[in-house]
Number of protein chains: 2
Amino acid sequence: MMNIGQAAKFSGVSAKMIRYYEQIGLIPKAIRSDAGYRHYSSLDVHSLRFIRRARDLGFSVEQISELLVLWCDRDRASGDVKALALSHVAGLRAKIAELQAMAQTLEHLADHCHGNERPDCPILADLAEPTAAAQQRSQAPLRTPRFGGDTPASSRIRAATATRS
Amino acid sequence: MMNIGQAAKFSGVSAKMIRYYEQIGLIPKAIRSDAGYRHYSSLDVHSLRFIRRARDLGFSVEQISELLVLWCDRDRASGDVKALALSHVAGLRAKIAELQAMAQTLEHLADHCHGNERPDCPILADLAEPTAAAQQRSQAPLRTPRFGGDTPASSRIRAATATRS
DNA sequence: TTAAAGCTTCCCATAATGGCAAGGTCAAGG
DNA sequence: CCTTGACCTTGCCATTATGGGAAGCTTTAA
């Protein structure tokens with residue numbers, strides 16, 4: 001049993017985020033000492049590591065909630081996990097394509113910009129009046145705020161089906 | 001001269017965002033009718049189109065603010081514009097690399113998952129205890145919330161050096 | 001005993017966008 | 001002249017995941 005600071009250090013998840021995850025119900029409420037300090041077991045730390053790793057792989061908290069449910073379900077079908085993972089990969093690929101289109105368009109424009117002291121600049125010219133040439137599919141991101149938004153996130157997570165039961 | 005709805009329609013920027021851009025000082029305060037309605041000229045719409053296009057190319061509002069300054073500066077050096085564009089491209093490329101690392105890791109894991117009714121799943125196994133194999137550089141995004149965070153954004157923009165002067 | 005380090009909760013901020021609500025305005029039609 | 005509907009205004013709330021900071025209590029080491 002350790003305090004939140006230790007759990008943070010061992011899991012790689014900041015204390016701040018651990019409290020946040022508890023608050024939104026991604027992890028169950030930690031047991032408290034008499035003074036109100038949260039206490040974590042190495043099992044809890046294990047869960048946190050899982051979460052950390054999933055975050056590193058770009059899963060949203062919402063998706064991690066689902067992953068945790070599957071993780072704890074001894075009768076899960078690996079197909080469900082795979083489907084979740086692949087749908088996330090699809091989201092990543094879509095985002096990558098979008099960013100690549102932007103980068104490509106910009107690089108194309110930059111290639112034609114002398115980049116000297118003179119004011120004439122095809123980059124600004126294109127921003128002012130887009131030429132069909134560079135118009136690819138960078139327009140209308142359809143449903144992409146700036147990224148990170150792959151899942152709409154229902155409301156409150158309340159899965160907390162993690163370790164402690 | 002047109003109302004905000006028309007300007008929105010012609011520029012592709014929502015009325016909501018036009019007000020927002022005005023509020024943060026990206027564009028100058030619109031002139032108002034006696035009743036308080038904002039009015040826009042086709043020149044204003046032109047600025048808004050510029051902004052819209054820049055957003056489509058992934059520039060942050062902060063960066064767009066700089067682009068607008070350059071756009072309006074007859075004595076700009078195209079090198080400054082190019083530098084700004086290329087630094088943004090670098091940010092995009094970095095993000096792309098990060099997402100690709102995630103996607104690749106996940107695809108690799110998914111490849112080894114049967115995806116059937118059985119519970120054994122290498123994806124969950126890896127999330128639980130990462131194996132060096134898939135550990136590439138997906139860890140520690142260094143300074144990347146979820147994306148969009150390329151520029152720290154000082155405080156308030158207050159450039160408003162756009163059209164109307 | 002005291003100081004430092006750690007914990008708690010609460011509030012604020014981020015980037016860019018949408019939604020909703022209450023209320024004023026304007027134009028067209030009766 | 002009045003109503004209706006479309007449009008405008010402001011203001012507030014929500015989103016995602018994360019960090020910062022303050023005020024106050026606890027624990028620990030000296």
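Sequence lines set the chain letters: A, B, ... in the order given, protein chains first and strands last, and positions in each chain run from 1. If you're wondering where the values come from, they're calculated on a predicted model, not measured in any experiment.
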Round to a whole Å and report the spacing from [atom1] of [X] to [atom2] of [N].
X	N	atom1	atom2	answer
A:Ile24	D:dA14	CD1	P	16 Å
A:Met17	D:dT18	CE	C1'	6 Å
A:Glu62	D:dT15	CD	P	12 Å
A:Tyr20	C:dC11	OH	P	17 Å
A:Phe59	D:dT16	CZ	P	17 Å
B:Ile51	C:dT17	CD1	P	11 Å
B:Lys29	D:dT9	NZ	P	14 Å

Polar pairs (N or O, both sides) under 3.5 Å between protein and nucleotides 1-10 of chain C?
{"unit_1": "C:dG6", "atom_1": "N2", "unit_2": "A:Tyr37", "atom_2": "OH", "d": "2.4"}
{"unit_1": "C:dG6", "atom_1": "N3", "unit_2": "A:Tyr37", "atom_2": "OH", "d": "3.3"}
{"unit_1": "C:dC7", "atom_1": "OP1", "unit_2": "A:Gly5", "atom_2": "N", "d": "2.8"}
{"unit_1": "C:dT8", "atom_1": "OP1", "unit_2": "A:Arg38", "atom_2": "N", "d": "3.1"}
{"unit_1": "C:dT8", "atom_1": "OP1", "unit_2": "A:Arg38", "atom_2": "NH1", "d": "2.7"}
{"unit_1": "C:dT8", "atom_1": "OP2", "unit_2": "A:Arg19", "atom_2": "NE", "d": "2.8"}
{"unit_1": "C:dT8", "atom_1": "OP2", "unit_2": "A:Arg19", "atom_2": "NH2", "d": "2.7"}
{"unit_1": "C:dT8", "atom_1": "O3'", "unit_2": "A:Arg32", "atom_2": "NH1", "d": "3.4"}
{"unit_1": "C:dT9", "atom_1": "OP1", "unit_2": "A:Arg32", "atom_2": "NH1", "d": "3.2"}
{"unit_1": "C:dT9", "atom_1": "OP1", "unit_2": "A:Arg32", "atom_2": "NH2", "d": "2.8"}
{"unit_1": "C:dT9", "atom_1": "OP2", "unit_2": "A:Arg38", "atom_2": "NH1", "d": "3.0"}
{"unit_1": "C:dT9", "atom_1": "OP2", "unit_2": "A:Arg38", "atom_2": "NH2", "d": "2.9"}

Salt bridge or not for [X] and [Y], using N-O below 4.0 Å?
X	Y	value
A:Glu98	B:Lys95	no
B:Glu129	A:Arg49	no
A:Glu107	B:Arg93	yes

Are B:Asp120 and A:Ser78 linked by a side-chain donor-acceptor pair shorter than 3.5 Å?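 No, no side-chain donor-acceptor contact under 3.5 Å.
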Residues A:Ser47 and A:Asp44: side-chain donor-acceptor under 3.5 angstrom: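 Absent: no donor and acceptor within the cut-off.
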Tell me what A:Ser33 touches on the nucleic acid: a base, only sugar-phosphate, or nothing, going by heavy atoms under 4.0 Å.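 Result for A:Ser33 = nothing.
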Examine B:Tyr20 and B:Phe10 and state if one hydrophobic cluster contains both, with Ile, Leu, Val, Met, Phe, Trp and Tyr joined whenever side-chain heavy atoms are less than 4.5 Å apart.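 Looking at the clustering, B:Phe10 is in the same group as B:Tyr20.
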Would you say [X] places a side-chain N or O within less than 4.0 Å of OP1 or OP2 belonging to [N]?
X	N	result
A:Tyr21	D:dA17	no
A:Ser14	D:dT18	no
B:Arg55	C:dT17	yes

Rounded to the nearest 0.5 Å, what's the gap from CD1 on A:Ile51 to OG on A:Ser65? Could you check?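 Output value for this atom pair is 9.5 Å.
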